[in-house]
Amino acid sequence: MTRAIRDIIRRALDAAAKDGEIKTERPAGKAGWLAVPIIVERPKKEEFGDFSTNAAMLLAPLEGRPAREIADALARRIAADPSKNVSRCEVAGPGFINVFLEKSWWHERLKEMLEKGTGYGDTDIGAGKRVQVEFVSANPTGPLHIGHGRGAAVGDSLANILKAAGFEVTKEYYINDVGRQMQTLGESVRARYIELCGLETRFPEDGYKGEYVKEIARDYLERHGCGMTNQPSSTANRSAGEFQEFARGIMLERIKKDLADFGVEFDVWKSEKALYESGLVGDTIEELKKRGHVYEGEGAVWFRTTAFKDDKDRVLVKADGQMTYFASDIAYHREKVKRGFDRIVNVWGADHHGYEARVRALFKAFGHDERMLKIIFIQLVALLRGGAPVAMGKREGEFVTLREVMDEVGKDATRFFFLMRKSDAHLDFDLELAKRQAPENPVYYVQYCHARIMSITAFAGEKGVSLPQSPDMEVLEKLELKEETDIIKHLAAFEEVVEKSAVEMEPHRITFYLTELAGLFHPYYNRNRVVTDDTETTFARLFLCRAVAGVTRKGLGLLGVGAPVTM
RNA sequence: GCGCCUGUAGCUCAGUUGGAAAGAGCAACUGCCUUCUAAGCAGUGGGCCGGGGGUUCGAAUCCCUCCAGGCGCGCCA
């Protein structure tokens, strides 16, 4: 759509140049029709036209003439555009050129999107480039909490949007299944198990106190009985590993179930443990060594990340011989690059931002273009209930799980709420508001738009109206109301919104877009009847409804939110 | 102390490749259900875009500085 508009401006520039009114040379190529980037925008105010451009103001200094003079010259030519799509063209303010398009031009846009059907909104700016989106990646030491939920919503929705924009996407979950915290989990389960068997034991000081640990211990007990408690201490120690392995399996199952119920499926589950077993971690350190980025000191092995703008060097191998989390993580990122992704996206909790510099150091050390790495930080969620904060604290075992929230307010509302803000902004999530089935709840506002249209369609069916597969232009010409053109204009912007969301990696743009669309449709519905005695108008309006419902369904789909037929 | 994020209406937030008179939702107030779902609609009030400088024809948007809040600065993950 912008392409068509840009063509109009370009033709005007060409004509003006030909007539000698513009002397500035224009470089070849699509982007540079001027030495400066021309902005074509959809003005906020409708008296400024369907689109406007600042071309004249940018040309003024180059031409050495007043902007308004140049604007006049261009406006004359735009108004006379051979496509006949321009109804009028005005110069305003300091030299803006405001262009008004014929209604029929918008009707054609509507026809186009109806013909594209469910494919409307898909574009190919991704050009099949491969993007890996790694998100959630929570340690399997406890259930997913609400913060993970926001990351899941953002990551999954982003993946959908990228796919729609023509990227090839791999969704991946990195399982931190080695290390101290996993060990603690194993010990915690073991302690609970021993307790369940009626024996005395000391619960680990920093153990996980949540109820879920007891549940896992009960599971273990059911499968293995109490035999484990009688074993000699050496065996019992070794069995801590067994508890850990058992707990890992249960927790992962539970996490997968939570995510599946949240509508999130991963393509790849990557185990940190497996990364070690494949030898990749060792290889990566060796490789870094060869490149001269590694040194030994204080009994540890260090990666000189300060050479790449990190605050301090980072330990890869601890003095006790254990690898750090960082060691496996750089191996993982190196592996991602090797797998041939064009773009690597990490969705992290905002509390990990201090980690970014050292991961980027890896890219630089290996000579990869670090611009391929994008890290999205998710600010923490403040959970409220009727305005009052709900306490969260993982260690105490009092955290609010994604499961609880989902069960209470529903999957759709939960996902929608997580996507109402840009990721790096704090989010207040009020359970009471999310649950309320009232207009102040934006989820229902948008979903209702879809359901309402489905209801209209059903009503039309009862009245014996059968809508043709594809619209005739003569029928669409019946959409004469300003409200109708406004809705079409907004629908026509959908592709660009999807593209922008993909490029900027900002799913919340879709949420806002849909709320605006619903905000146009509901008033329209309220003032006008769709199904009337006038067959052509009924057809035209049903087509418009079909397009609104289609875009709403598609947009909600990108968010991972359902589009109900009835509410 | 250093780094990252945030600061826009009473509340929660959009709006940053610089554009024309600042946007939405909620809350507040006033109205609307014999007509395709009132989970809806119509209307009213509400702002030194954290402060101060600067760049520009033009700044919520870019630069500097200060203030406030969050987070991070482990041989944890």
Side-chain angles (χ1 to χ4, degrees), chain A residues 37 39 41 43-45 47-48 52 54 57 60-61 66-67 92-96 98 137-139 141 176 178-182 184 206 272 297-302 310-312 314-326 328-329 349-357 377 379-380 382 384 387 420-430 433 436-449 451-463 465 504 508-509 511-512 515-516 518-519 521-532 538 541-542 545 566-567:
Chain A
I39 306 268
E41 62 161 10
K44 286 172 257 182
K45 304 211 161 258
E47 56 267 38
F48 297 150
S52 74
N54 62 349
M57 286 183 285
F96 286 102
N98 297 332
S137 297
N139 292 358
T141 52
N176 301 131
V178 290
R180 177 90 208 109
Q181 298 188 4
M182 279 307 287
T184 305
D206 56 350
E272 182 183 7
E298 300 166 56
V301 177
W302 300 73
D310 194 9
D311 295 336
K312 52 186 79 167
R314 307 293 170 177
V315 170
L316 295 171
V317 186
K318 298 185 253 183
D320 65 4
Q322 292 268 321
M323 305 267 198
T324 60
Y325 170 79
F326 180 51
S328 53
D329 207 30
D351 54 340
H352 286 66
H353 67 249
Y355 202 77
E356 179 169 8
F377 291 105
Q379 282 291 346
L380 300 183
L384 308 173
M420 282 198 314
R421 307 271 174 266
K422 59 173 183 261
S423 311
D424 51 11
H426 300 263
L427 172 68
D428 279 356
F429 190 129
D430 196 309
L433 175 62
R436 218 176 304 166
Q437 306 206 339
E440 66 257 32
N441 186 343
V443 189
Y444 292 96
Y445 188 72
V446 173
Q447 287 186 321
Y448 185 40
C449 178
R452 187 169 243 177
I453 292 172
M454 291 303 100
S455 170
I456 296 169
T457 308
F459 178 80
E462 285 167 26
K463 293 277 172 189
V465 180
E504 303 291 329
H508 76 276
R509 290 170 183 276
T511 317
F512 278 89
T515 308
E516 285 162 6
F521 183 77
H522 287 308
Y524 170 68
Y525 163 89
N526 236 268
R527 271 195 291 265
N528 304 284
R529 282 197 66 84
V530 173
V531 181
T532 62
T538 300
R541 291 183 174 175
L542 282 172
C545 283
T566 57
M567 293 183 76

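Predicted, not measured: the structure shown is a model, and the values here were computed from it. All chains are named by letter (A, B, ...) in the order of the sequence lines, taking the proteins before the strands, and each is independently numbered beginning at 1.
To the nearest angstrom, C1' of B/rC13 lies 16 Å from CZ of A/Phe429. Note: CZ (A/Arg452) to C1' (B/rA38) measures 8 Å, nearest angstrom.
As rounded to the nearest Å, B/rA28 and B/rG18 have C1' atoms that lie 36 Å from one another. Nucleotides B/rU8 and B/rA59 place their C1' atoms 14 Å apart, quoted to the nearest Å. With C1' as the reference atom, B/rG46 and B/rC29 are 12 Å apart, rounded to whole Å. Here the separation of B/rA21 from B/rG25, taken at their C1' atoms, is 22 Å to the nearest Å. Distance noted for atom C1' between B/rU35 and B/rU61: 48 Å (whole Å). B/rA68 sits 27 Å from B/rG15 when the P atoms are compared, rounded to a whole Å.
Contact of A/His353 with B/rC5 (side chain to base): no donor-acceptor pair of N or O atoms is detected under 3.5 Å.
Proximity note for A/Tyr448 (side chain, C-beta onward) versus B/rC5, B/rU37, B/rC75: the nearest is B/rU37. Considering only side-chain atoms of A/Glu272, the nucleotide from B/rC41, B/rU37, B/rA77 that sits closest is B/rA77.
In the displayed structure, A/Lys463 atom NZ is contacted under 6.0 Å by at most 12 heavy atoms of other residues, nucleotides or ligands.
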_I'd like to compare against my own output: the B/S/- annotation of nucleotides 14-22 of chain B with a strict under-4.0 Å heavy-atom distance to protein._
SS---BBB-
